Amino acid sequence: MPLHWSSSRVTVVTRHRGRKHAAGLIGAELLVQLYLISSAGMFLNSLRTLAAHRYRSAGDPLTKTQQLLDTLSYPRRSWVVPLWAPVGLRFHAMHHLFPGIPYHNLAAAHDRVMGMLPEGSPYHRTARYGLANSLSELWRSAR
């Protein structure tokens with residue numbers, strides 16, 4: 001699909017039955033805005049993905065407990081956490097323990113397990129309280 005550039009607009013030209021048709025006009029400014037917004041979204045998604053695990057394995061197989069401790073959860077009940085950690089990422093460790101639990105029930109399952117296990121249990125040690133904190137911990141451990 002050829003693109004034809006002018007100083008401020010991009011025309012998308014398609015062919016239908018051998019004839020050229022202009023499929024629409026996209027302003028160059030809008031095109032740049034879409035690019036920047038999608039780039040920012042992909043960057044945020046890569047940070048969210050990094051914050052889901054500790055990445056402590058050197059490639060050796062991990063025990064179930066080590067796998068659990070390599071996973072992070074963000075149980076804090078604030079309005080910010082669901083924005084960067086929607087759906088199942090907030091309770092990622094619970095998802096690894098019980099992958100069959102639907103994401104909308106993970107918070108209740110997390111609360112039950114936290115109440116049943118003693119303080120300092122491996123599951124308790126998966127809780128983290130922010131994206132910046134987890135990323136800085138990951139950065140320090142990578143050095």
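Computed from a predicted model, the values in this text were never measured in an experiment. Quick note: residue numbers are just sequence positions, from 1. Values below: all heavy atoms of this structure, side chains included; hydrogens, waters and symmetry mates excluded.
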J.: Is L44 linked to I37 within one hydrophobic cluster, defined over Ile, Leu, Val, Met, Phe, Trp and Tyr using a side-chain heavy-atom separation of less than 4.5 Å?
T.: no

J.: With no hydrogens and no angle check, is any side-chain donor or acceptor of S73 less than 3.5 Å from a backbone partner on A93?
T.: yes

J.: Are more than 12 heavy atoms, taken from residues, nucleotides or ligands other than Y55, located less than 6.0 Å from that residue's OH atom?
T.: yes

J.: What heavy-atom pair brings S57 and G59 nearest, and what distance separates the two atoms?
T.: OG-N, 3.0 Å

J.: Sequence neighbours excluded, which residues qualify as side chain to side chain donor-acceptor pair (under 3.5 Å) partners of D111?
T.: R77

J.: Listed by chain and number, what are the ring pair (Phe, Tyr, Trp, His ring centres under 6.0 Å) partners of H110, not counting sequence neighbours?
T.: F91, Y123

J.: Compare all side-chain heavy atoms of M42 with those of S46 and state whether any distance is below 4.5 angstrom.
T.: no

J.: Is there a side-chain contact between Y129 and S134 in this structure, where contact means two heavy atoms from C-beta onward sitting under 4.5 Å apart?
T.: no

J.: Does R128 reach the side chain of R54, with side-chain heavy atoms less than 4.5 Å apart?
T.: yes

J.: Check whether D70 reaches the backbone of H53 with its side chain - one donor and one acceptor, N or O, closer than 3.5 Å.
T.: no

J.: Treating Ile, Leu, Val, Met, Phe, Trp and Tyr as nodes and any side-chain heavy-atom pair under 4.5 angstrom as an edge, say whether L68 and L62 lie in one connected cluster.
T.: no

J.: Nearest 0.5 angstrom please: S38 OG to N45 CG, how far?
T.: 12.5 Å

J.: Is there a path of hydrophobic side-chain contacts, each under 4.5 Å between heavy atoms, that joins M114 and M116?
T.: no

J.: Out of curiosity, L34 CG to E29 CD, how far, rounded to the nearest 0.5 Å?
T.: 11.0 Å

J.: Roughly how far, to the nearest 0.5 Å, is the NE2 atom of H92 from the OG1 atom of T126?
T.: 10.5 Å

J.: Check each of L50, N133, L72 against L138 using the side-chain contact (heavy atoms from CB on, under 4.5 Å) test, and report the only one that passes.
T.: L50

J.: Nearest 0.5 angstrom please: R125 CZ to T65 OG1, how far?
T.: 9.0 Å

J.: Do L69 and L97 share a hydrophobic cluster (ILVMFWY, side-chain heavy atoms under 4.5 Å, transitive)?
T.: no

J.: Can you find a heavy atom in the side chain of L106 that is under 4.5 Å from one in the side chain of R90?
T.: no

J.: Kindly work out whether a path of hydrophobic side-chain contacts (I/L/V/M/F/W/Y, heavy atoms less than 4.5 Å apart) joins F43 to V80.
T.: yes

